[in-house]
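First the proteins, then the strands, lettered A, B, ... as listed; each starts at 1.
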Number of protein chains: 2
Amino acid sequence: MAIMPDRELKKGNAELLILALLEEKTRHGYEIGKLIAARSEGVLRFHVASLYPLLYRLERRGWVKGEWEPAGGRRRRYYRLTPTGRRILAEQRSRWRAFSGAVNRIVEVRHA
Amino acid sequence: MAIMPDRELKKGNAELLILALLEEKTRHGYEIGKLIAARSEGVLRFHVASLYPLLYRLERRGWVKGEWEPAGGRRRRYYRLTPTGRRILAEQRSRWRAFSGAVNRIVEVRHA
DNA sequence: TCGCCATATATGGCTGTACTATATATCTGC
DNA sequence: GCAGATATATAGTACAGCCATATATGGCGA
């Protein structure tokens with residue numbers, strides 16, 4: 001509650017965020033983490049310890065495909081969206097719209 | 001994934017939904033559950049087994065105050081928002097706006 | 001050249017929220 | 001009188017994301 005109040009809010013959205021970022025181009029884990037923080041202007045921050053297991057999960061399900069690429073003496077694993085991943089992204093996008101719309105209908109009631 | 005795909009999406013929003021509904025007037029648990037389903041047009045459904053413990057939690061924290069009222073031979077526990085609860089509601093509303101706005105900035109990128 | 005920070009990935013154990021399953025009891029309409 | 005809606009209660013479970021910790025490279029300043 002104190003430090004990271006949105007902890008629970010984020011649940012169920014991490015996958016959608018990652019898939020959406022991979023829609024544009026292939027990216028590696030660390031980059032994805034930084035990008036989420038940047039584009040959300042610091043509102044959303046995923047810890048690396050959440051991110052990597054999440055990427056493995058997505059790969060295990062066949063939604064993304066990772067590939068090691070050397071960057072100097074350092075290695076990076078770049079992920080790209082699979083056709084299945086693209087379909088799931090579309091589904092999760094519409095689920096998010098329905099969900100956030102429903103929450104807003106209840107929470108944003110104009111009260112005189 | 002099959003029956004209740006938003007299971008994780010809902011985490012962290014239940015409290016906000018309940019507080020928002022109690023802002024209008026005092027309500028009892030069962031009523032709150034029905035109202036969430038109705039206003040969200042079936043998108044959001046909280047099982048009673050989630051609802052009651054949640055209400056106890058809110059009461060334990062002093063955000064709501066419950067009171068037994070007989071309704072015929074049946075008893076109902078009506079909850080009303082406390083001043084603290086009202087403050088928390090305002091906080092959670094703005095957290096939700098920030099959160100959903102941030103998700104939208106990442107997910108709803110207009111891609112040519 | 002040595003130390004520090006950012007970059008980059010990996011993983012075991014924990015927390016907290018909502019669910020499943022099950023239980024009790026009253027009211028209403030057929 | 002019996003089915004289904006109303007109304008509340010709770011023990012046990014699942015699982016996403018976090019904390020702590022570990023390893024290793026690249027670049028910058030003192």
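With sequence neighbours excluded, the residues satisfying side-chain hydrogen bond (donor to acceptor under 3.5 Å, both in side chains) with A:E59 are A:R77. Qualifying side-chain hydrogen bond (donor to acceptor under 3.5 Å, both in side chains) partners for A:E67, counting only residues two or more places apart in sequence or in other chains: none. For A:R61, the side-chain hydrogen bond (donor to acceptor under 3.5 Å, both in side chains) criterion is met by A:E15, not counting sequence neighbours. Evaluation of the ring pair (Phe, Tyr, Trp, His ring centres under 6.0 Å) rule for A:Y78 yields A:H28 as partners, not counting sequence neighbours. Partners of A:R80 by side-chain hydrogen bond (donor to acceptor under 3.5 Å, both in side chains), not counting sequence neighbours: none found.
The distance between atom CD of B:Q92 and atom C1' of C:dT17, rounded to the nearest whole Å, is 13 Å. For the pair A:Y30 OH and D:dA24 C1', the computed distance is 14 Å after rounding to whole Å. Rounded to an integer number of Å, the gap from CG of A:L54 to C1' of D:dC19 is 16 Å. Between the P atom of C:dA8 and the CG atom of A:L55 lies a distance of 14 Å, rounded to the nearest Å.
Phosphate proximity of C:dA18 to B:R57: present, with a side-chain N or O under 4.0 Å from OP1 or OP2. Side-chain nitrogen and oxygen atoms of B:Y52 include at least one within less than 4.0 Å of the OP1 or OP2 phosphate oxygen of D:dT8.
Comparing C:dA18, D:dG17, C:dT11 by their closest approach to the side chain of B:A14 singles out C:dA18. For B:W68, counting side-chain heavy atoms from C-beta on, the closest listed nucleotide (D:dT8, C:dT11, C:dT20) is D:dT8. Distances from the side chain of B:K34 to the nucleotides D:dT6, D:dG17, D:dT8 place D:dT6 closest. You'll find that the side chain of A:R76 is closest to C:dT7, out of C:dT17, C:dT7, C:dT11. In the set C:dA18, D:dT10, C:dT7, the nucleotide with an atom closest to the side chain of B:Y56 is D:dT10.
Formation of a donor-acceptor pair under 3.5 Å by the B:T82 side chain with backbone atoms of B:G62 is found in this model.
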Quiz item: Taking protein heavy atoms under 4.0 Å as touching, what does nucleotides 22-30 of chain C look like 5' to 3' if B marks base contact, S marks sugar-phosphate-only contact and - marks none?
Solution: ----BS---
